[in-house]
Asker: 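One structure coming up, written as structure tokens, with questions to follow.
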Amino acid sequence: MDKLKLKIEKDNPVINVVMGGVGGQGVLVASDILTLAALNAGMDTKKSEVHGMAQRGGSVVSQIRLGEKIYSPLVVKGSADVLLAFEKLEAVRYLEMLKQGGVVIVNDQQITPLTVYFANIPYPENVEEICRRRAGEFFAIEGIQIADDLGNTRVLNTVMLGALSTFLDIKKDDWIKAIEQRVPQKTIPLNIKAFEEGAKIFDAVNY
Amino acid sequence: MNRAVLSGNEAIARGFYEAGGRFAAAYPGTPSTEILENIGKFQEIKAQWSPNEKVALETAAGASLGGVRALAAMKHVGLNVAADPLFSLSYMGVSGGLVIISADDPAMHSSQNEQDNRWYAKAAKIPMLEPSDSQEAKDFTILALELSERFDTPVLLRTTTRINHSKSIVELKEPITVERKKYAKDYMKNVLLPSNARKKHVLVEKRLEQLAEYGKTAAVNRMELGDTKMGIITSGISYQYAKEVFPEASILKLGLTFPLPKELIREFATKVEKLFVIEELDPFLEEQILAMGIAVEGKNKLPILGELNLSIVREALLGEKADDLTFSVKEPIPARPPSLCPGCSHRGVFYALKRLKLNVMGDIGCYTLGALPPLEAMDTCLCMGASVGFSEGMEKTEGEELQGKVIGVIGDSTFFHSGITGLIDIFYNRSHAKLIILDNHITAMTGQQEHPGSGLSLRREPTNKVDIEKLVRAIGIKRVVKINPYELKETIATIKEEMQVDEPSVIIADAPCVIRARKIFTKPYYVIADKCTKCGMCDRVGCSAIEKDEDGKTKINPLLCIGCDICLQVCKPGAIQRPVNE
């Protein structure tokens, strides 16, 4: 497990995370929680996002950088350590952001955009195969299923963060505090539960 | 130490609060919207939405004249609307500090152009600060208010989307209390009659000299000396890219970018072998430095279009391609464009306009999405309020092909912003133009902000409400018809009828924004597959809840459908069904 952890070190002073998804999936809240967790862990952090018309079902992307000292809030194409995709097609869309050998974690869910019907552009069938051309590690997780089992698909984002957390050198307490700082008061216990369920996915994997 | 991760917009709000600000106004516009939303959280500050940016600036200037620290926020094109008061406020000056935020949008993430509003500071002869991250967004807001009072001038705080919407760590402090300055009549200062204004212009020019003097030693302009082979002059977000790509280089970081600290630039130039200006959009710094007779490079290497980033800076100045840019996905990737929400009330109107094959003069708002396939029911989109003037102008050409074929569409918030003056013109100049006001009771596009017709204030407290129908009638327009845009037959018939009349006509399509009123309809509709003939009629309404099954037959996504009824009304085979228990 430890060898997989992305540590901030002299020759790797910045960790870049890109999150992609569909408007309404909670990508922006998730990226807020990651930046807060980094703050709580004593790191410098910056994040940048593209939204605007995203709540009308568009593609949403957020970029988060963590490290000793961060200047640019933008991740350079081809340099993301982790791509956290909330939907399969969005994993493919933002794959170019990933560095060679980086980690892809994708929520195994398909949300078909209108252009598949109206512009006849096929939804890619072989998402895993495409991602593996670039990624050193590829994980499709049943994020939406886990969230649904917990009683609310809207906690998909904290399930995804739980999965992501096992790859980053940030303590659980710093994550929990970040969740408490960011989500509505009454949903804190559910979100923490979702985070823990997400983390369990990888705890179960034997490296 | 109390630290938080804030966006630039949150940091500006925080800075205004910490500086003892008392009045703030804005019209929402990406990327500036969240400034007022966050100022609204501080109960000490009177915060409000204005119908447009000119009004926002004028009320903020009034508050300043009344002696309190004030702020007006807007997106870059908003400053065009507010440019009239801006230029003269430069002459009038302030009492309480006055800061104007211009949130520019390089790369046009959600704008119609990518103008560089740094020119406004130069043209209006007012000082301008450019923060490079959220900490500076907060600090510079406070500094702007101090400079405003010290130099008797409004101050422009110019940001870009990457500052407004990116988040970084900010130290929080307690707010200070600033005593209101007592109002005293001052005819010579505040009445810009030509005789007074001539004297004021002298002071404005003198003020620029004093500001330039201040800029020489101001902490916001600083040299970071390193390797002297390469000197970089930069400001705003570009500083971050410069710093990351050239950690060893000497950098002159300018926080006050108008007026320029010329002596400091000269001094810096003597310390380095070669000078580069790294700046986004226009060569604003570069041209002024060149005009000083100092050789610099900049736009000969860096693009004038769009945003900068690390790769662009690295490649332009080092000639290095980033290592790993060769990878690309070969498969076609279906785009996921934004679309009108499932159940959006605009859909029915656009469907009707397309059916009637009208030339539709459009405007700025969610409904601009009506220009995209499959609705494709909008011919133009220029700026806020332009649909009204376009309709009138097109109608006045008396072009044969245009007769009875031109109609404008405008949202309610946009109508209040700057549509109303156009409508007054239509009435006054005896135009026969036709207008549909898409009244969804909210400023929907920027994220559900209140406006004069919504009945709620920025803090969502009940307030006076402007009745659009009465307002239109009060102008003198006689034909005002309200329709329910979910009733397609009624909508088509009404538009058809109004197109025929020889006088101006305003149709108000009255239905609340569906994001605001999600539960107004029923359970999701469904499709009887056996009845679906794949005729494609339902595809033409462009609803993202309408999908296809493996056979190419229509199915309805129950997670998205809210039962607005539009698709059922166009489904000729009768395959689309209301849920039975309705």
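For clarity, every value in this text was computed on a predicted model and none was experimentally measured. Throughout, protein chains are lettered first and strands after them, A, B, ... in sequence-line order, and every chain is numbered starting at 1.
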Asker: So what's closer than 4.5 Å to chain B heavy atoms on A/Asn40: side chain, backbone, both or neither?
Answerer: neither
Asker: For a quick test of reading the model, state the closest non-hydrogen atom pair linking B/Arg162 to A/Glu49 and the distance between them.
Answerer: NH1-O, 4.0 Å
Asker: Testing the basics here: between A/Leu89 and B/Arg336, what is the closest heavy-atom pair and its distance to 0.1 Å?
Answerer: CD2-NH2, 3.5 Å
Asker: Non-hydrogen atoms of chain B under 4.5 Å away: do they reach the side chain of A/Ile111, the backbone, both or neither?
Answerer: both
Asker: Given B/Lys167, which partner from the list A/Thr35, A/Asp32, A/Thr45 fulfils the side chain to side chain donor-acceptor pair (under 3.5 Å) test?
Answerer: A/Asp32
Asker: Would you say that more than 12 heavy atoms from the other residues, nucleotides or ligands in this model lie under 6.0 Å from the NZ of A/Lys171, or not?
Answerer: no
Asker: Heavy-atom pairs under 4.5 Å with chain B are the metric here; pick the option from A/Ile121, A/Asp44, A/Val92 that has the most.
Answerer: A/Ile121
Asker: Quick check on the interface: out of B/Asp539, B/Asn309, B/Val245, who has the most heavy-atom pairs with chain A under 4.5 Å?
Answerer: B/Asp539
Asker: As an exercise, state the distance from OG of A/Ser79 to CG of B/Leu310, rounded to the nearest 0.5 Å.
Answerer: 8.0 Å
Asker: What I'd like to find out is whether the side chain of B/Lys330 reaches to under 4.5 Å of the side chain of A/Ile130, using heavy atoms alone.
Answerer: no
Asker: Drop me the distance from A/Lys77's NZ to B/Phe327's CZ, to the nearest 0.5 angstrom.
Answerer: 10.0 Å
Asker: First locate atom CZ of A/Arg65, then atom OG of B/Ser168, and finally report the distance between them rounded to the nearest 0.5 Å.
Answerer: 12.5 Å
Asker: Where do B/Ala335 and A/Thr115 come nearest, in terms of heavy atoms and distance?
Answerer: O-OG1, 2.5 Å
Asker: Among B/Thr33, B/Ile333, B/Asp133, B/Ile546, which residue has the highest count of heavy-atom pairs closer than 4.5 Å to chain A?
Answerer: B/Ile333
Asker: Could you tell me if the side chain of A/Lys46 sits less than 4.5 Å from the side chain of B/Ser166, heavy atoms only?
Answerer: no
Asker: Which bit of B/Cys344 is near chain A, if near means a heavy-atom gap under 4.5 Å: side chain, backbone, both or neither?
Answerer: neither
Asker: Which one of B/Thr161, B/Ile169, B/Leu559 has the most heavy-atom pairs closer than 4.5 Å to chain A?
Answerer: B/Ile169
Asker: Please classify the contact between A/Thr112 and chain B as side chain, backbone, both or neither, with a heavy-atom cut-off of under 4.5 Å.
Answerer: backbone
Asker: Using non-hydrogen atoms and a 4.5 Å limit, figure out which bit of A/Glu87 sits close to chain B: side chain, backbone, both or neither.
Answerer: side chain
Asker: With a 4.5 Å cut-off on side-chain heavy atoms, are B/Ser544 and A/Pro113 touching?
Answerer: no
Asker: Under 4.5 Å between any side-chain heavy atoms of A/Pro73 and B/Tyr241, yes or no?
Answerer: yes
Asker: Given a strict heavy-atom distance threshold of 4.5 Å, which part of B/Ala4 is in contact with chain A: side chain, backbone, both, or neither?
Answerer: backbone
Asker: Might you point out which heavy atoms bring B/Val329 and A/Glu96 nearest each other, and give the distance in Å?
Answerer: N-OE2, 3.5 Å
Asker: Report the option among A/Ile70, A/Val116, A/Leu95 that has the most heavy-atom pairs separated by less than 4.5 Å from atoms of chain B.
Answerer: A/Leu95
Asker: Where do A/Leu74 and B/Leu308 come nearest, in terms of heavy atoms and distance?
Answerer: CD1-O, 4.1 Å
Asker: Go through the steps for B/Glu331 and A/Arg133 under the test salt bridge (charged side-chain N to carboxylate O under 4.0 Å, His left out), then give the verdict.
Answerer: CA-CA 12 Å; B/Glu331 286 80 357; A/Arg133 289 178 211 154; 2.6 Å; yes
